[in-house]
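Notes follow once the structure below has been shown.
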There are 2 protein chains.
Amino acid sequence: MSSDLTARARIRDAAIKLFAERGVDGATVRDIAQEAGVSSGLLRHHFGSKEGLRDACDEWALSELTKISGRFTDFRTLDGLTPRVMLLQRYLIRSTMDGSPTGAAIFDRMLEYGEQWLATTDLKVADPRAFVAVLSVMKMSMFTMRDLMSRALGADVTEPAAWARMLQASLDLFSQPLITPEQALQARAALDRLAAEAGEDAS
Amino acid sequence: MSSDLTARARIRDAAIKLFAERGVDGATVRDIAQEAGVSSGLLRHHFGSKEGLRDACDEWALSELTKISGRFTDFRTLDGLTPRVMLLQRYLIRSTMDGSPTGAAIFDRMLEYGEQWLATTDLKVADPRAFVAVLSVMKMSMFTMRDLMSRALGADVTEPAAWARMLQASLDLFSQPLITPEQALQARAALDRLAAEAGEDAS
DNA sequence: ACTCCGGCTACACGCTTGTGTAGTAGGCTG
DNA sequence: CAGCCTACTACACAAGCGTGTAGCCGGAGT
């Protein structure tokens, strides 16, 4: 299938796949080497270390995604949402959660884009920074919680069909208010009370 | 501070803290023992194995949370949202993501509660199951993505102040539609096109 | 007073991890 | 043809992991 690629490329692909599946710590050098059909020593030869491999994967995934769509962080660009692209996104998010500096930088850029987008809307937002952060994190969660989502839907959300079902649901979710203004006010008041208590405790 | 507790209880607390922080695989038996101020052998003596310890933590966290509020999965019950409760929730969610059967069962119950709640509203939802699943996963993401959230806000969201800021933002987010019906329709159409393509490929 | 048992520690074992090293095959370049 | 650099493998190493075992200690039961 992809055995006509360079060994180096095969290692990279295998690493992205396994890192995305099991996390950076969960995927071992030997597993990646076996998945790529090479010895574990070759991995070290090409990438220096596991950390080096992760960096290379970060860089490559980022460049591939930006090559496809200039602002890949905006998930409204649904065209070209191939399984391959989904995998790359899933990898980058996972790598970010596992402490990748590249990922952190990407997250910062997501926030930046998000704040720009927010400025174009007429949404009433008290704390834009927090708003965009929460929104970003929630969008990412559909990637990170793959197992739970699959369990809930009874289908692997890596497959386009279940994936589409999930995105449809997210559209339902974002196109209408889930709580009434009164409920929001109530909750807000409760939060303020909580914050006041915390303040007292601290003093 | 909590050194007047049983050694067994101290181990449990230390495990919950470290599991929540670093994940089940990331926290080692020796680290937990040291955090609790005991030998690693005692851990085995009381809980049999690391897996046994995790099970005990799951069970305890669940019972503590249900003791506080019958339906703790509903995060609208803000009263009594102490740092302790936040930690327990964070632990359970993390444990769930790391493959805990107890956690999976809890997630199922969350979905059940969610669908009941959804029935009481007049929201237009095409796929209730997927809707509730996405919503649940998104709520959980505020716990799981602690590091990224803290980075975005410039403050530790484990602290009540930043935590409240985050929840306020989530209220903003859920109390108004983020995309217009037209945008939703457009996106929906794009998704259908995508699904159709995928169907063709499969045939 | 003796025993016994549960809480508790110290230490060792086997395994897996990432990494380091030595060496081989093969296609360039002189 | 000789030299050599690069891709690549096989094997060894130290460290850290979860787990297993042997034994110490003090208080309760008889």
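Here is the naming used below: chain letters follow the sequence lines, and residue numbers restart at 1 for every chain.
- The existence of a salt bridge linking A:Lys67 and A:Glu64 is confirmed by a sub-4.0 Å separation between a basic side-chain nitrogen and an acidic carboxylate oxygen.
- Of the residues in residues 21-30 of chain B, those lying under 4.0 Å from DNA chain D by heavy-atom distance are B:Ala27, B:Thr28, B:Val29, B:Arg30.
- Rounded to an integer number of Å, the gap from A:Leu18 CG to C:dT17 P is 12 Å.
- Salt-bridge check for B:Asp13 with B:Arg8: failed, with every basic side-chain N at 4.0 Å or more from each acidic carboxylate O.
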Distances for protein N or O near nucleotides 3-10 of chain C N or O, under 3.5 Å:
{"residue": "C:dG7", "atom": "OP2", "partner": "B:His45", "partner atom": "NE2", "Å": "3.4"}
{"residue": "C:dC8", "atom": "OP2", "partner": "B:His46", "partner atom": "NE2", "Å": "3.3"}
{"residue": "C:dT9", "atom": "OP2", "partner": "B:Ser39", "partner atom": "N", "Å": "2.9"}
{"residue": "C:dT9", "atom": "OP2", "partner": "B:Ser39", "partner atom": "OG", "Å": "2.9"}

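- Between the side chain of A:Thr102 and the backbone N or O of A:Asp58 there is no donor-acceptor pair closer than 3.5 Å.
- Distance A:Asp55 CG to C:dG18 P: 15 Å, rounded to the nearest Å.
- The neighbour count for A:Gln116 CD, taken as heavy atoms of other residues, nucleotides or ligands under 6.0 Å away, is above 12.
- Side-chain N or O atoms of B:Gln183 include one that pairs as donor or acceptor with a backbone N or O of B:Thr180 at under 3.5 Å.
- Atoms CD1 (B:Ile32) and P (D:dG16) sit 17 Å apart, rounded to a whole Å.
- A search for side-chain contact (heavy atoms from CB on, under 4.5 Å) contacts involving B:Ala9 returns B:Leu5, B:Thr6, B:Arg12, not counting sequence neighbours.
- As a whole-Å value, the separation of A:Leu53 CG from C:dT19 C1' is 14 Å.
- Atom CD of B:Gln34 is separated from atom C1' of D:dC17 by 15 Å (rounded to the nearest Å).
- Rounding to whole angstrom units, CG of residue A:Asp31 and P of C:dT16 are separated by 11 Å.
- Salt bridge status for B:Arg165 with A:Asp127: present, with a side-chain N to carboxylate O gap under 4.0 Å.
- Aromatic rings of A:Phe143 and A:Trp163 (six-membered ring for Trp) have centroids within the 6.0 Å cut-off, being under it.
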